[in-house]
Amino acid sequence: MTECIFCKIISRKIPAEILFENDHVISILDINPIHFGHALILPKKHCRDFLDLPPESYHHILQAAKIVTKALVQSLHLEGYNLFSNNGTIAGQSVFHFHLHVTPRYTDDNIRFILKLKEYSDGEMKRYGEIIRHHIQQQS
Ligand code: 5GP
Ligand code: ZN
């Protein structure tokens, strides 16, 4: 299997603009940013998506996300930012090595998810709750 692009960045086979790094995670600037400064946070150990992420990396990823986000807010004087992760092709994931995006936001930048909000019919929310809770209980 060919090595993934983020693993190549981690092993320095290809260059990247590195913002932060420790033994567990690395943060780089996204090569095609939504706004300049758009950063990615990724675990050094390859994993495909959020569900593939080992529990021992949760803390390191969030800790790095906070450090990088704080630096973005301070250096770019941000009033707002988004943190998000695309998981699966239909959700927009294009690199299959888990990562968090942190992107600056600006007034009137006209960037938004196009939302088509639904409404639950009578009893439907309860049904969804029951199904999901059942699968949560199965995990414990
Ligand atoms: P996804 O689409 O999987 O949520 O996010 C992958 C991100 O990785 C994209 O925003 C894309 O611009 C970025 N990306 C893809 N290849 C490279 C690369 O070689 N270097 C850097 N720095 N970012 C990359
Ligand atoms: Zn990888």
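No hydrogens, no waters, no symmetry mates; every other heavy atom, side chains included, goes into these values. Starting from 1, each residue takes its place in the sequence as its number. Start at 1 and go down the list; that is how both ligands and their atoms are numbered. If you're wondering where the values come from, they're calculated on a predicted model, not measured in any experiment.
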If you count the atoms of ligand 1 from 1 in the order shown, which ones are under 4.0 Å from a heavy atom of [X]?
X: Ile5; result: 19 (O)
X: Ile28; result: 22 (N)
X: Leu40; result: 8 (O)

Heavy atom of the protein closest to [atom] (residue, atom name, distance):
atom: atom 2 (O) of ligand 1; answer: Ser94 OG, 2.6 Å
atom: atom 20 (N) of ligand 1; answer: Ile9 CD1, 3.7 Å
atom: atom 10 (O) of ligand 1; answer: Asp30 OD2, 2.4 Å

Within 6.0 Å of CD1 in Ile131, more than 12 heavy atoms from elsewhere: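 Counting neighbours around CD1 of Ile131, more than 12 heavy atoms of other residues, nucleotides or ligands fall under 6.0 Å, so yes.
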Shortest heavy-atom approach to atom 24 (C) of ligand 1 - which of Ile34, Asn87, Leu29, Ile31: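 Going through Ile34, Asn87, Leu29, Ile31 one by one, Ile31 has the nearest heavy atom to atom 24 (C) of ligand 1.
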N, O or S from Cys7 under 2.8 Å to the Zn ion (ligand 2):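 Yes - counting backbone and side chain alike, Cys7 has an N, O or S atom under 2.8 Å.
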Quick check: closest heavy atoms across [X] and [Y], and the distance to 0.1 Å?
X: Asn82; Y: Arg105; answer: OD1-NH1, 2.7 Å
X: Tyr128; Y: Tyr120; answer: CD1-CE2, 4.0 Å
X: Gly37; Y: Pro104; answer: C-CD, 4.1 Å

Region of [X] that comes within reach of ligand 1 [heavy atoms, distance under 4.0 Å]:
X: His101; result: side chain
X: Val95; result: both
X: Phe6; result: side chain

Within-cut-off N or O pair, Gly92 and ligand 1, under 3.5 Å: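 In this structure, Gly92 places an N or O atom under 3.5 Å from an N or O of ligand 1.
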Polar proximity ligand 1 side, Ala16 side, N/O cut 3.5 Å exclusive: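 Min N/O separation from ligand 1 is not below 3.5 Å for Ala16.
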Any donor-acceptor pair under 3.5 Å from Thr103 side chain to Ile34 backbone: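 Here the side-chain-to-backbone pair does not exist.
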Short side-chain to backbone donor-acceptor contact, His97 and Pro43, under 3.5 Å: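 Checked: pair present.
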Within-shell test, Phe96 vs ligand 1, heavy atom, strictly < 4.0 Å: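 Distance cut 4.0 Å: Phe96 fails for ligand 1.
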Close approach of His99 to ligand 1, heavy atoms, under 4.0 angstrom: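 Distance cut 4.0 Å: His99 passes for ligand 1.
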SB check Glu56 Lys44 (cutoff 4.0 Å):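 Result for this pair is no, no salt bridge flagged.
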Hydrophobic cluster identity match, Val102 and Leu29, side-chain contacts under 4.5 Å: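 Linked, Val102 and Leu29 end up in one cluster.
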Modelled atom types, side-chain donor and acceptor of His135 and Gln139, under 3.5 Å: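 The answer is no; no qualifying pair exists.
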His46 atom ND1 and His97 atom ND1 as seen from the Zn ion (ligand 2), angle to 10 degrees: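 Between ND1 of His46 and ND1 of His97, the angle at the Zn ion (ligand 2) is about 100°.
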Qualifying residue for side chain to side chain contact (heavy atoms under 4.5 Å, CB included) with Leu42, from Ile61, Ile10, Val25: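 Only match with Leu42 under side chain to side chain contact (heavy atoms under 4.5 Å, CB included): Ile10.
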